[in-house]
Student: 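Take this structure, written in structure tokens, and hold onto it; I'll ask about it next.
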Amino acid sequence: MTTADVTSVVVRLKLSLLRNGLRQSGGRRAAYVVSAVLVLLFGALQLLGLVALRGHAHAESVVVLLTAVLALGWAVMPLFFPGGDETLDPTRLVMLPLRPRPLVRALLAASLVGIGPLFTLLLLTGSVITVARGGAAYAVGVVAVVLALLVCVALARAVAAANIRLLTSRKGRDLAVLSGLVIAIGAQLVNFGAQRLGSSGLAQLAPAGDVVKWVPPASAIGAVDSVSSGSYGTAALQLALSAGALAALIAVWSRHLTRLMTSPDGSTLQVSTEPSARGRSGSGLSRLLPAGRTGTVMERSLRYVWRDPKTKAAWVTSLAIGLIVPVFNALQGTGSVYFACFAAGMLGIQMYNQFGQDTSAFWIVALTISSARDAYVELRGRALALLVITLPYATLVTVVTTAMLGDWARLPEVLGLSFALLGAMLATGAWTSARFPYSIPQEGYKNVAPGQTGLAWISIFGGMVSAALLASPVIAAAIWANVAQGGDSWGWLLLPAGAAYGAAITWAGLRLAAPRTAARLPEILTAVSKG
């Protein structure tokens with residue numbers, strides 16, 4: 001079979017998969033049609049908007065940055081939506097007598113079939129029209145659009161091929177949960193960028209555009225502007241960069257494809273029965289933690305943070321937003337050093353619904369709790385595991401925010417407030433974990449099992465209000481120090497006072513939650529096992 005025949009067959013296969021998928025149900029067809037219409041309408045509006053920028057002094061910066069964002073979207077798409085295109089999985093073709101080179105060409109052609117490539121084509125076409133001036137520029141623009149589109153598609157394919165073993169596994173599919181993090185951070189970045197552009201105009205994009213126009217595939221669009229300006233040598237170099245990136249991506253993709261189609265996977269490898277060379281007791285993490293049940297609970301909690309997809313997603317989202325909010329407000333010149341307390345608040349939320357994070361595995365923990373003392377040690381270990389991450393992080397965010405604003409006199413005061421707020425959230429989180437536990441489904445995007453939404457709202461928002469009330473003495477002291485005493489002479493006392501108050505309120509909260517936890521073990525186990 002020739003390369004052309006392979007390409008034709010694979011493209012027809014892609015069309016057949018799409019057609020057969022739409023035949024499964026009327027709802028699926030309706031959803032596809034509606035989404036296609038909305039995407040294409042949005043793409044057409046973006047094209048018109050780009051054309052309206054034609055002649056603007058900073059139009060080049062806009063289009064090259066837009067192309068770079070498009071390429072980034074193509075790169076991360078396979079990681080968060082591995083099931084969006086069944087042809088992204090080349091292991092389905094392992095048993096066919098196909099060589100990598102013809103298969104790469106065929107899959108590249110099949111990748112151009114779909115709504116995503118058409119949307120990208122609309123934006124790239126609008127970008128070329130925006131910066132092209134003269135017949136030569138339009139001629140180069142045709143080449144630039146083709147190059148940029150092929151680079152985007154090849155980038156997605158190379159990323160998918162490099163990670164396909166992970167993406168087709170259960171843990172890999174759970175990576176889609178992290179899309180919430182991307183959306184949260186992206187929303188903050190868009191908000192920050194929109195505010196900067198609204199106050200300073202498109203001139204703010206010029207420095208970034210000058211750099212990005214040399215990065216493929218944005219360099220292909222930059223070549224069109226270079227031709228329009230008469231810089232033919234620069235344009236040739238920019239096109240060569242995009243062409244070289246395309247060749248490199250295809251080479252990487254082909255190499256991974258060859259390895260996937262010739263190497264055994266986990267299902268064909270013999271499992272070793274020899275004991276591990278390094279015992280669990282000798283792991284680096286366990287050596288750093290206290291002995292006994294406290295250290296065991298801390299290690300288990302920290303391993304959940306690292307290994308469980310939903311727990312990791314919640315932690316990474318809290319870490320990111322806890323830094324973004326104070327730092328971005330400081331960059332805009334409208335921030336306050338007190339925004340650094342946002343980091344402690346975001347991370348303190350992780351103490352809520354502690355037992356729900358264990359899901360049905362909580363029954364193993366429940367078997368080890370026979371008294372209020374056992375429950376106290378369990379809760380204490382979980383709180384200490386959270387503090388291992390939260391204390392240094394909250395301190396770091398506070399120092400960074402203070403440095404950006406230059407308000408060093410308020411550093412001890414804000415640290416004291418952060419520690420007091422964190423202690424109050426640990427206390428209320430321990431109590432609400434025992435009083436209002438709810439299940440977190442293992443699969444899918446939901447974080448609350450059906451029928452337990454009310455419990456989740458009471459647990460989280462009720463606990464946060466209670467934490468604010470518990471921290472009110474330190475908050476009142478901070479207000480008094482600033483309003484009545486000027487803050488400079490008394491503010492430094494809030495650091496030891498806030499730290500001591502946070503530690504005391506945490507201890508009290510754990511003590512109060514322990515007997516309730518021991519008494520309500522059957523109810524907790526039932527509640528957290530519903531997912």
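The model shown is predicted, which means the values in this text are computed figures rather than measured ones. We're numbering straight along the sequence, starting at 1. As a basis for the values below, the full set of heavy atoms in this structure was taken, side chains included, without hydrogen atoms, waters or symmetry mates.
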Student: Taking S433 for the side chain and Q354 for the main chain, is one N or O donor matched with an acceptor at less than 3.5 Å?
Tutor: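 Pair found, side chain donor or acceptor close to backbone of Q354.
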Student: Parallel, tilted or perpendicular: which fits the ring planes of F42 and F119, with parallel below 30° and perpendicular above 60°?
Tutor: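 Rings of F42 and F119: parallel, under 30°.
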Student: What are the two closest non-hydrogen atoms of A375 and A518, and how far apart are they?
Tutor: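 Scanning both residues completely, I find the closest heavy atoms to be CB-N, 4.1 Å.
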Student: Rounded to the nearest 0.5 Å, what separates atom CG in L525 from atom CZ in F362?
Tutor: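 Taking CG in L525 and CZ in F362, the distance rounds to 6.5 Å.
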Student: Quick one: pull up CG in L347 and CD1 in I389 and give me the separation to the nearest 0.5 Å.
Tutor: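 Answer rounded to 0.5 Å: 8.0 Å.
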Student: Just do the side chain to side chain contact (heavy atoms under 4.5 Å, CB included) check on D358 and I364 with the steps written out, would you?
Tutor: CA-CA 10 Å; D358 295 355; I364 301 177; over 6 Å; no
Student: Are T517 and I524 packed together at the side-chain level, in the sense that at least one heavy-atom pair is separated by less than 4.5 angstrom?
Tutor: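 Yes, at least one pair of side-chain atoms sits under 4.5 Å.
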Student: Where do T432 and N353 land on the side chain to side chain contact (heavy atoms under 4.5 Å, CB included) test, with the steps shown first?
Tutor: CA-CA 7 Å; T432 57; N353 197 34; over 6 Å; no
Student: Using a 4.5 Å cut-off on heavy atoms from C-beta on, say whether the side chain of L426 contacts that of T390.
Tutor: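 Not in contact.
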Student: If you measure from NE2 on H256 to CZ on R157, what distance do you get to the nearest 0.5 Å?
Tutor: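 Answer for the NE2-CZ pair, H256 versus R157, is 14.5 Å.
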Student: Do the non-hydrogen side-chain atoms of R380 and V377 ever get within less than 4.5 Å of each other?
Tutor: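 In contact.
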Student: What's the spacing between L323 CG and L396 CG if we round to 0.5 Å?
Tutor: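 L323 CG to L396 CG: 7.5 Å, rounded to 0.5 Å.
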Student: For Y393 and M346, run side chain to side chain contact (heavy atoms under 4.5 Å, CB included): C-alpha distance rounded to whole Å, both residues' side-chain angles, the deciding distance at 0.1 Å, then the answer.
Tutor: CA-CA 11 Å; Y393 186 79; M346 286 299 300; over 6 Å; no
Student: What is the minimum heavy-atom distance between Q46 and L123, and which atoms define it?
Tutor: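 It is CB-CD1, 3.8 Å.
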Student: What verdict does the side chain to side chain contact (heavy atoms under 4.5 Å, CB included) test give for I440 and Q357, after you've listed the backbone C-alpha separation in whole Å, the side-chain angles of each residue and the deciding distance to 0.1 Å?
Tutor: CA-CA 7 Å; I440 301 176; Q357 296 175 13; 4.2 Å; yes
Student: Considering only heavy atoms from C-beta outward, does the side chain of I475 approach that of I479 to under 4.5 Å?
Tutor: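 Yes, close enough: below the 4.5 Å cut-off.
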Student: Check whether any side-chain heavy atom of V399 lies under 4.5 Å from a side-chain heavy atom of W408, and answer yes or no.
Tutor: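 Yes. Closest side-chain heavy atoms under 4.5 Å.
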Student: Over all heavy atoms of both residues, which pair between M425 and A467 is shortest? Give the atoms and the distance, please.
Tutor: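 Answer, listing the atom of M425 first, then A467: CG-CB, 3.7 Å.
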Student: To the nearest 0.5 angstrom, please state how far the CG atom of L510 sits from the CZ atom of R382.
Tutor: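 One gets 12.0 Å once the value is rounded to the nearest 0.5 Å.
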Student: Looking only at non-hydrogen atoms, find the nearest pair between A71 and C152 and report the distance.
Tutor: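 Taking every non-hydrogen atom into account, CA-SG, 3.9 Å.
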Student: Rounded to the nearest 0.5 Å, what separation is found between the CG atom of L512 and the CH2 atom of W507?
Tutor: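 The distance works out to 8.5 Å.
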Student: For residues M464 and I349, determine if any side-chain heavy atom of one lies less than 4.5 Å from a side-chain heavy atom of the other.
Tutor: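 Yes, close enough: below the 4.5 Å cut-off.
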Student: Give me the atom names and distance for the closest heavy-atom approach of L422 to A344.
Tutor: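 Taking every non-hydrogen atom into account, CD1-O, 4.0 Å.
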Student: Testing the basics here: between A427 and T506, what is the closest heavy-atom pair and its distance to 0.1 Å?
Tutor: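 Closest approach of A427 to T506: CB-CA, 4.3 Å.
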Student: Is R520 reaching over with its side chain to a backbone N or O of A434, donor-acceptor style, under 3.5 angstrom?
Tutor: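 Yes; judged by distance alone, with no hydrogens or angles, the pair exists.
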Student: Indicate yes or no for a side-chain donor-acceptor contact from T368 to the backbone of V365 under 3.5 Å, with no hydrogens or angles considered.
Tutor: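 Yes, T368 side chain to V365 backbone: donor-acceptor pair under 3.5 Å.
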Student: Would you kindly say whether W74 and T120 are connected by a side-chain donor-acceptor distance under 3.5 Å?
Tutor: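 Yes, because at least one side-chain N or O of W74 sits under 3.5 Å from a partner of the opposite role on T120.
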Student: With heavy-atom distances below 4.5 Å as the criterion, would you say the side chains of V327 and F339 are in contact?
Tutor: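 Heavy-atom side-chain distance check fails, nothing below 4.5 Å.
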Student: Between Y352 and G463 (side chain of the first, backbone of the second, donor and acceptor by atom type, cut-off under 3.5 Å), is there such a pair?
Tutor: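 Confirmed, Y352 side chain pairs with G463 backbone.
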Student: Would you mind reporting whether F342 and I321 have side-chain heavy atoms less than 4.5 Å apart?
Tutor: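 Sidechains of F342 and I321: in contact.
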Student: Checking side-chain polar atoms at under 3.5 Å, does S318 have a donor or acceptor matched by the opposite partner on Q350?
Tutor: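 Present: a donor and an acceptor within the cut-off.
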